[in-house]
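Here's the structure, in structure tokens; my notes come after.
One-based numbering along the sequence shown.
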Amino acid sequence: QVQLVESGGRLVQAGDSLRLSCAASGRTFSVSAMGWFRQAPGKEREFVAAINWSGLSTDYTDSVKGRFTISRANAKDTVYLQMNSLKPEDTAVYYCAASPGPSSYGSTWNSREGRLYDYWGQGTQVTVSS
């Protein structure tokens, strides 16, 4: 099992920056990809960003490209989501997720598919006021 704990969410104003953290523990050797997803009230969960365990490969949804940066601190088994130029439409509960990635899912692996992530955190609320 892998345990994920997110932190860093809070109320900010439009244009502000915020950094979310996700601390992983347990069988992290089984993880090859980490992702951030978000869910706004009344909307479906959506992909935000993903990173492979080496930190060499990242992916972002179009709406956050150039504003958000996902990174990993290897020594701490922690993944970060740096969010700049926040907009009210970024308001959501942000979830961290972990997956064994291609080693388990092979050619079907897609870092943007939430159903391919085996482990999820409890979520952290980000609210951006206008």
Side-chain angles (χ1 to χ4, degrees):
Q1 293 292 324
V2 175
Q3 293 78 42
L4 303 173
V5 179
E6 304 102 331
S7 61
R10 62 183 177 89
L11 173 65
V12 296
Q13 293 187 335
D16 284 353
S17 296
L18 197 60
R19 189 177 80 162
L20 304 183
S21 299
C22 174
S25 61
R27 298 170 62 89
T28 57
F29 60 84
S30 66
V31 174
S32 71
M34 298 283 291
W36 284 97
F37 293 77
R38 65 187 181 186
Q39 187 167 20
K43 295 187 177 181
E44 293 187 353
R45 183 182 64 196
E46 66 170 345
F47 167 78
V48 177
I51 189 169
N52 69 347
W53 206 231
S54 69
L56 298 179
S57 176
T58 59
D59 187 24
Y60 299 91
T61 192
D62 287 347
S63 63
V64 308
K65 283 181 181 177
R67 299 190 300 122
F68 290 11
T69 302
I70 188 171
S71 62
R72 178 173 177 246
N74 290 355
K76 296 182 179 180
D77 279 350
T78 299
V79 174
Y80 303 100
L81 185 67
Q82 177 67 42
M83 305 185 293
N84 299 328
S85 302
L86 281 161
K87 304 175 181 180
E89 51 263 44
D90 294 319
T91 295
V93 177
Y94 283 71
Y95 296 93
C96 175
S99 174
S103 63
S104 287
Y105 295 105
S107 60
T108 65
W109 168 246
N110 182 336
S111 65
R112 299 185 175 209
E113 290 284 351
R115 62 183 176 85
L116 301 183
Y117 286 79
D118 296 355
Y119 307 103
W120 292 82
Q122 80 288 351
T124 186
Q125 176 71 48
V126 173
T127 303
V128 185
S129 65
S130 58

Look up atom [atom1] in [X] and atom [atom2] in [Y], then write down how far apart they are to the nearest 0.5 Å.
| X | Y | atom1 | atom2 | result |
| --- | --- | --- | --- | --- |
| Glu89 | Ser63 | CD | OG | 8.5 Å |
| Ser104 | Leu116 | OG | CG | 10.0 Å |
| Arg67 | Ser85 | CZ | OG | 7.0 Å |
| Ser7 | Gln122 | OG | CD | 8.5 Å |

Using a cut-off of 6.0 Å, state whether more than 12 heavy atoms not belonging to Glu44 lie near its atom CD. no

So with a 6.0 Å cut-off around CD of Gln13, is the heavy-atom count from everything else above 12?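 No.
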
Indicate the atoms forming the closest heavy-atom contact of [X] with [Y], along with that distance.
| X | Y | value |
| --- | --- | --- |
| Ala40 | Ala92 | N-CB, 3.8 Å |
| Leu81 | Ala49 | CD1-CB, 4.2 Å |
| Gly9 | Val126 | CA-CG2, 4.0 Å |
| Val93 | Gly123 | CG1-CA, 3.8 Å |
| Ile51 | Arg72 | CD1-N, 3.9 Å |
| Ala24 | Leu4 | CB-CD2, 3.7 Å |

Mind telling me whether Tyr94 and Phe68 have parallel, tilted or perpendicular rings, with 30° and 60° as the class edges? tilted

Say whether Phe37 and Trp53 are linked into one hydrophobic cluster, either directly or through other cluster members, by side-chain heavy-atom distances under 4.5 angstrom. no

Pair Cys22-Met34, side chain to side chain contact (heavy atoms under 4.5 Å, CB included): steps then yes or no: CA-CA 9 Å; Cys22 174; Met34 298 283 291; 3.9 Å; yes

Checking side chain to side chain contact (heavy atoms under 4.5 Å, CB included) for the pair Val48/Tyr60: CA distance, chi angles, key distance, verdict? CA-CA 6 Å; Val48 177; Tyr60 299 91; over 6 Å; no

Audit row: Leu18, Leu86, side chain to side chain contact (heavy atoms under 4.5 Å, CB included) steps and yes/no: CA-CA 8 Å; Leu18 197 60; Leu86 281 161; 3.8 Å; yes

Are Thr127 and Gln125 close enough that a side-chain donor and a side-chain acceptor fall under 3.5 Å?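 Gln125 and Thr127 do have a side-chain donor-acceptor pair below 3.5 Å.
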
Asp77 side chain to Thr28 side chain, donor-acceptor N/O pair below 3.5 angstrom: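 Asp77 vs Thr28: donor-acceptor pair found between side chains.
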
Under the side chain to side chain donor-acceptor pair (under 3.5 Å) rule, what do Asn84 and Ser17 come out as? Steps first, then yes or no, please. CA-CA 4 Å; Asn84 299 328; Ser17 296; 2.9 Å; yes

Among Phe47, Trp109, Tyr105, ring pair (Phe, Tyr, Trp, His ring centres under 6.0 Å) partner for Tyr117: Trp109

Check: [Y] and [X] side chains under 4.5 Å, non-hydrogen atoms:
| X | Y | value |
| --- | --- | --- |
| Arg45 | Arg38 | no |
| Cys96 | Trp36 | yes |
| Gln3 | Val5 | no |

Quick check against the 3.5 Å criterion: does [X] have a side-chain atom that pairs as donor or acceptor with the backbone of [Y]?
| X | Y | answer |
| --- | --- | --- |
| Thr78 | Ala23 | no |
| Ser57 | Asn52 | no |
| Ser32 | Pro100 | yes |

Assess whether side chain to side chain contact (heavy atoms under 4.5 Å, CB included) is satisfied between Leu20 and Thr124, documenting all intermediate values. CA-CA 8 Å; Leu20 304 183; Thr124 186; 4.0 Å; yes

Salt-bridge test for Lys65 and Asp62: reply yes if a basic N is under 4.0 Å from a carboxylate O, no otherwise. yes

